[in-house]
Amino acid sequence: MQTSISQVSVPLPKRAKWMAQAGSVCLMLSIAMYGLVYATLTAPILQAVNAMDYVGLFSIFAALGISIMTPIGGKLGDLLGRRNIVFIAGSMCAIAGLIFPFVDSLTLLLILRLIVSLAQGAFIAAPYIIVGLINDSKGRPKAMGMLATAVAVGGVGGSILAGWLTKIGHMQLGIILPTIPLVIGILLIVFSFPNDKRSGKIRIDVPGVLAFVAMLTSLSLALNFGASMGWGNPRIIAGLVLSVVLFFLFLAIERRASDPLIPLRLFSNKSYSLLLLTGFICYFYQTAMHVFAPLAVISVLQKDPEVAGSLQMARALITIILPLSAGIWVSRKASNSWKAMAIATLLAAIPMLALGFTQQSTPVLLFTIALAVTGIAESFRAVSVTPAAQATLQPQDMGVGTSLTNFFNSMASTISATVFTVAYNAHTIADPRNLFAIQSGVNSVFRIAAIVSFVGFLIVVLVLRPVLPKTQAKG
């Protein structure tokens, strides 16, 4: 039987606790703004340096840095202290973000984009860890709800403001915009949260870090370029084989390390492992939603790009309003945690299945409603998976354990993108412009997303539910 943490790990005075939570909200607001601002302005940024051929590489650098540094940042936070990580990595991100809009060299732009993503990866789990440490198990879902709302507000507000500023000739200001909440968040946490640095000599698992970075870089590049270069390309095959070899090397290093980057004993915790899998599944459908839903509306339904761009407005509104209420509901009763995860998986499966029968006569309204329903799913996911995972961890594992949940979420997007691209290309490779082929391709993607999400629902109800706590722990 797994031991859950019921008490507050880092008790703070009321004012300091408010500042730490507000700082965590500001960090998440900034992270979301950085992601959407750069995504919105990628084309004009690269057009300014005549480098539109590098859109793919620009995006890969953004994702790769976060994926690499998320678990490493969690471990460094355990070793060096969460406040130090927020200050050091947050400052690096802010400085690189401030320099970025004034650079006119493609090489420097790519380097700065990688620095921003690496720095974000180092502190991206810190807000979740901090609110997990300063709240008891009953208060964590509500705190996670606030973070989820910040992500939604930052994503929607950041992209809208950046687009508007660019339109009126102030693109540089739009790029700088996310730095404002970042600096505020850093200051609030530095002046409110104690530096929970590990006592004694600090040992960093350098061989494990190097093996992990090499493995993830090889895997990410192979998966990202596989669709364009072809999965039979010798370079792609070599990259995938190398990833497998490096994975087993990483496991061997971690088993022998005195203080491993990722303690493998965490995976002997059945509840925690199932929650990692649940989080992965909850993110899996999102590539279908972000990439293939607009593609279906434009290419199958023959609608304007502006119509496709408005598909997620209702979803965005729901993910701004609902998470806090969902978090309060989850916190009232322990059994509400698994129910929230069941809602998160089922309400992803049903909309994806509905979109899996798209044809030219399908109304756009169906897409809008389907994506709005996934907003409900996302709201319940945000307040259930991470708090439940934290409740299974011991205090010394809170940092790396929480970071791993974020890492699995990010890898879900990378792996699902590959799976969906293969499924789509299987129908369109002969004639990429054929309407029926495109229709079959997007339907295949939506159906796979539905199946994976429904499998997640079954895992939650049949496997995860029996091993989660039956009563609400008291702080």
Side-chain angles (χ1 to χ4, degrees), residues 4-6 8-10 12 17-18 20-32 70 74 77 82 86 123-155 185 189 193 271-272 275-276 278-280 282-283 286 318-345 347 375-393 398-399 401-410 460 464 468-469 472-473 475:
S4 65
I5 301 171
S6 59
V8 177
S9 298
V10 181
L12 294 178
K17 180 179 178 180
W18 180 90
Q21 294 204 139
S24 298
V25 167
C26 287
L27 290 183
M28 294 313 301
L29 188 67
S30 171
I31 289 168
T70 296
R82 216 72 51 197
V86 168
F123 72 83
I124 197 169
Y128 297 100
I129 299 168
I130 289 171
V131 299
L133 292 172
I134 65 178
N135 288 282
D136 59 23
S137 57
K138 188 174 182 179
R140 287 173 194 148
K142 292 183 284 187
M144 297 296 172
M146 289 189 290
L147 297 185
T149 297
V151 170
V153 171
I189 288 173
F193 190 74
S271 299
Y272 178 74
L275 287 163
L276 289 180
T278 302
F280 180 93
C282 284
Y283 265 82
Q286 293 194 21
I318 289 171
T319 54
I320 290 173
I321 296 172
L322 184 58
L324 185 56
S325 299
I328 294 172
W329 176 74
V330 168
S331 68
R332 287 177 179 169
K333 192 176 179 182
S335 61
N336 288 349
S337 181
W338 76 262
K339 291 175 183 176
M341 287 180 255
I343 292 171
T345 47
L347 292 190
I376 302 174
E378 172 60 16
S379 298
F380 280 93
R381 178 214 64 81
V383 300
S384 57
V385 178
T386 300
Q390 289 178 332
T392 70
L393 297 169
M398 182 69 80
T402 304
S403 297
L404 276 176
T405 62
N406 287 291
F407 171 71
F408 270 71
N409 295 344
S410 65
V460 169
L464 180 60
L468 288 180
Q472 178 69 61

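When a residue number appears, it is its place in the shown sequence, counting from 1. In this text, all values refer to a predicted model and were calculated from it rather than measured experimentally.
- F193 places a side-chain heavy atom less than 4.5 Å from the side chain of L133.
- Scored by the side chain to side chain contact (heavy atoms under 4.5 Å, CB included) test, K339 finds W329, S335, N336 as partners (sequence neighbours excluded).
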*Go through L468 and M341 one step at a time and tell me if the side chain to side chain contact (heavy atoms under 4.5 Å, CB included) criterion holds.*
CA-CA 12 Å; L468 288 180; M341 287 180 255; 4.0 Å; yes

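- By the 4.5 Å heavy-atom criterion applied to side chains, V153 and L29 are counted as neighbours.
- Partners of F407 by ring-ring contact (aromatic ring centres under 6.0 Å, His included), not counting sequence neighbours, listed by chain and number: F212.
- Of all non-hydrogen atoms in N409 and F280, the two that sit nearest each other are OD1-N, 4.0 Å.
- Taking P127 as the reference, S24, L27, M28, L147 meet the side chain to side chain contact (heavy atoms under 4.5 Å, CB included) condition, with sequence neighbours excluded.
- With T402 contributing its side chain and G399 its backbone, the two residues share no donor-acceptor pair below 3.5 Å.
- Between the side chain of S30 and the backbone N or O of C26, no donor-acceptor pair lies under 3.5 Å.
- Looking only at side-chain heavy atoms (C-beta outward), Y272 and L404 come within less than 4.5 Å of each other.
- The backbone N or O of I320 sits less than 3.5 Å from a side-chain atom of T149, completing a donor-acceptor pair.
- Test Q390, K17, R140 against N135 for side chain to side chain donor-acceptor pair (under 3.5 Å) and you get one pass: K17.
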*Are L464 and L275 close enough, and set up right, to give a side chain to side chain contact (heavy atoms under 4.5 Å, CB included), and what steps lead you there?*
CA-CA 8 Å; L464 180 60; L275 287 163; 3.7 Å; yes

